[in-house]
Amino acid sequence: MSRTLNDLLVKRALDHAKAGFTHLLDFETGNTDSITEALIQAASIPTALLKLGVNVGYREGGTLSVDKVQNMQGGLTNNHQKSSFVLNFKSELDQFSNELWAYFEDTCLAVEGGA
(Lines give C-alpha, C1' and ligand atoms only; values in the text may rest on other atoms or scores of the structure.)
Protein backbone atom coordinates (compact mmCIF):
# COMPACT_ATOMS: atom_id res chain seq x y z
CA MET A 1 0.00 0.00 0.00
CA SER A 2 1.28 3.44 -0.78
CA ARG A 3 2.44 5.62 2.03
CA THR A 4 -0.11 8.27 1.07
CA LEU A 5 -3.02 5.83 1.26
CA ASN A 6 -1.71 4.38 4.51
CA ASP A 7 -1.47 7.86 6.02
CA LEU A 8 -4.98 8.71 4.80
CA LEU A 9 -6.48 5.58 6.36
CA VAL A 10 -4.65 6.14 9.65
CA LYS A 11 -5.85 9.75 9.74
CA ARG A 12 -9.42 8.68 9.00
CA ALA A 13 -9.49 6.07 11.77
CA LEU A 14 -7.91 8.47 14.27
CA ASP A 15 -10.24 11.34 13.27
CA HIS A 16 -13.30 9.17 13.91
CA ALA A 17 -11.86 8.01 17.24
CA LYS A 18 -11.08 11.60 18.24
CA ALA A 19 -14.61 12.72 17.36
CA GLY A 20 -15.99 9.73 19.25
CA PHE A 21 -14.01 10.63 22.38
CA THR A 22 -15.40 14.18 22.17
CA HIS A 23 -18.99 12.91 21.96
CA LEU A 24 -18.44 10.55 24.89
CA LEU A 25 -17.10 13.41 26.99
CA ASP A 26 -20.22 15.39 26.08
CA PHE A 27 -22.34 12.39 27.08
CA GLU A 28 -20.58 12.24 30.44
CA THR A 29 -21.40 15.90 31.07
CA GLY A 30 -25.12 15.25 30.57
CA ASN A 31 -25.81 15.44 26.83
CA THR A 32 -27.42 12.01 26.44
CA ASP A 33 -27.92 12.39 22.68
CA SER A 34 -24.14 12.52 22.24
CA ILE A 35 -23.92 8.75 22.71
CA THR A 36 -25.63 8.32 19.34
CA GLU A 37 -23.01 10.51 17.68
CA ALA A 38 -20.29 8.41 19.30
CA LEU A 39 -21.91 5.26 17.88
CA ILE A 40 -21.94 6.82 14.41
CA GLN A 41 -18.22 7.60 14.72
CA ALA A 42 -17.51 4.05 15.91
CA ALA A 43 -19.41 2.60 12.95
CA SER A 44 -17.18 4.56 10.57
CA ILE A 45 -13.88 3.16 11.85
CA PRO A 46 -13.82 -0.53 10.76
CA THR A 47 -13.58 0.13 7.02
CA ALA A 48 -10.35 2.10 7.41
CA LEU A 49 -8.95 -0.49 9.82
CA LEU A 50 -9.76 -3.35 7.46
CA LYS A 51 -7.93 -1.63 4.63
CA LEU A 52 -4.95 -1.11 6.96
CA GLY A 53 -4.99 -4.79 7.90
CA VAL A 54 -5.70 -3.90 11.52
CA ASN A 55 -8.40 -5.73 13.43
CA VAL A 56 -9.88 -3.99 16.46
CA GLY A 57 -12.96 -5.40 18.10
CA TYR A 58 -14.92 -4.63 21.22
CA ARG A 59 -13.63 -6.15 24.42
CA GLU A 60 -15.06 -9.45 25.63
CA GLY A 61 -17.88 -9.41 28.12
CA GLY A 62 -19.54 -6.32 26.70
CA THR A 63 -22.74 -5.79 24.80
CA LEU A 64 -21.35 -4.10 21.69
CA SER A 65 -19.67 -5.55 18.63
CA VAL A 66 -18.62 -4.10 15.28
CA ASP A 67 -21.68 -5.62 13.59
CA LYS A 68 -24.08 -4.43 16.30
CA VAL A 69 -22.74 -0.88 16.20
CA GLN A 70 -22.97 -0.76 12.41
CA ASN A 71 -26.56 -2.04 12.56
CA MET A 72 -27.46 0.53 15.23
CA GLN A 73 -25.90 3.29 13.16
CA GLY A 74 -28.25 2.49 10.28
CA GLY A 75 -31.19 3.51 12.45
CA LEU A 76 -29.74 6.84 13.60
CA THR A 77 -30.35 9.06 10.60
CA ASN A 78 -32.49 11.78 12.16
CA ASN A 79 -33.02 13.49 15.50
CA HIS A 80 -36.20 11.56 16.29
CA GLN A 81 -34.40 8.24 15.84
CA LYS A 82 -31.50 9.45 17.97
CA SER A 83 -33.84 10.48 20.78
CA SER A 84 -35.73 7.18 20.51
CA PHE A 85 -32.44 5.30 20.72
CA VAL A 86 -31.58 7.09 23.97
CA LEU A 87 -35.00 6.31 25.43
CA ASN A 88 -34.92 2.65 24.32
CA PHE A 89 -31.45 1.99 25.68
CA LYS A 90 -31.48 4.32 28.70
CA SER A 91 -30.34 1.61 31.14
CA GLU A 92 -27.45 0.57 28.86
CA LEU A 93 -26.06 3.97 27.87
CA ASP A 94 -23.34 4.08 30.54
CA GLN A 95 -22.21 0.59 29.53
CA PHE A 96 -22.21 1.59 25.86
CA SER A 97 -20.16 4.67 26.76
CA ASN A 98 -17.53 2.57 28.55
CA GLU A 99 -17.35 0.06 25.72
CA LEU A 100 -17.09 2.77 23.06
CA TRP A 101 -14.36 4.54 25.04
CA ALA A 102 -12.34 1.30 25.19
CA TYR A 103 -12.93 0.69 21.47
CA PHE A 104 -11.73 4.17 20.51
CA GLU A 105 -8.71 3.79 22.77
CA ASP A 106 -7.88 0.34 21.34
CA THR A 107 -8.28 1.76 17.83
CA CYS A 108 -5.79 4.55 18.56
CA LEU A 109 -3.29 2.16 20.12
CA ALA A 110 -3.55 -0.34 17.26
CA VAL A 111 -3.24 2.29 14.53
CA GLU A 112 -0.45 4.20 16.22
CA GLY A 113 1.46 1.00 16.95
CA GLY A 114 0.87 -0.95 13.76
CA ALA A 115 0.47 1.45 10.89
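Quick caveat: nothing in here was measured; it's all calculated off a predicted structure.
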Side-chain donor-acceptor contacts of residues 86-96 below 3.5 Å, not counting sequence neighbours, with atom names and distances?
{"unit_1": "N88", "atom_1": "ND2", "unit_2": "S84", "atom_2": "O", "d": "3.2"}
{"unit_1": "Q95", "atom_1": "NE2", "unit_2": "E99", "atom_2": "OE2", "d": "2.7"}

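Residues L50 and Y58 do not share a hydrophobic cluster, clusters being chains of Ile/Leu/Val/Met/Phe/Trp/Tyr side chains in contact below 4.5 Å.
In this structure, the ring pair (Phe, Tyr, Trp, His ring centres under 6.0 Å) partners of F104, at least two apart in sequence or on a different chain, are F21. A48 meets the side-chain contact (heavy atoms from CB on, under 4.5 Å) test with L9, R12, A13; sequence neighbours excluded. Not a single side-chain hydrogen bond (donor to acceptor under 3.5 Å, both in side chains) links K68 to another residue, sequence neighbours left out.
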Go through the steps for V111 and V56 under the test side chain to side chain contact (heavy atoms under 4.5 Å, CB included), then give the verdict.
-> CA-CA 9 Å; V111 170; V56 176; over 6 Å; no
List the steps, then state whether side chain to side chain contact (heavy atoms under 4.5 Å, CB included) holds for S83 with D33.
-> CA-CA 6 Å; S83 294; D33 288 344; 4.1 Å; yes
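Atom CD1 of I45 is separated from atom CG of D15 by 10.0 Å, given to the nearest 0.5 angstrom. The CD atom of E37 sits 10.5 Å away from the CD atom of Q73 when rounded to the nearest 0.5 Å. Residue M1 holds its CE atom at 5.5 Å from CG of L52, rounded to the nearest 0.5 Å. One finds the CD atom of Q41 at 9.0 Å from the OG1 atom of T22 (value rounded to the nearest 0.5 Å). Going from atom CG of L24 over to atom CG of L39 covers 8.5 Å, rounded to the nearest 0.5 Å.
Side-chain contact between L5 and L8: present, with at least one pair of heavy atoms (C-beta onward) separated by less than 4.5 Å.
Under the 3.5 Å distance criterion, the side-chain polar atoms of T29 are matched with a main-chain donor or acceptor of D26.
Taking each heavy atom of L76 and I40 in turn, the nearest pair found is O-CD1, 3.8 Å. Residue V54 comes nearest to A110 through the heavy atom pair CG1-CB, 3.7 Å, listed as atom of the first residue, atom of the second, then distance. Scanning both residues, I35 and F27, for their nearest heavy atoms gives CB-CD1, 3.9 Å. Of all heavy-atom pairs spanning Q70 and A43, the tightest one is NE2-O, 3.3 Å. Heavy atoms only, all atoms of each residue included: Q81 and T77 are closest at OE1-OG1, 2.6 Å.
Residues in residues 43-57 take part in no side chain to side chain donor-acceptor pair (under 3.5 Å) pair, two or more places apart or across chains. Note on residues 100-109: pairs passing side chain to side chain donor-acceptor pair (under 3.5 Å), not counting sequence neighbours, are R59-D106.
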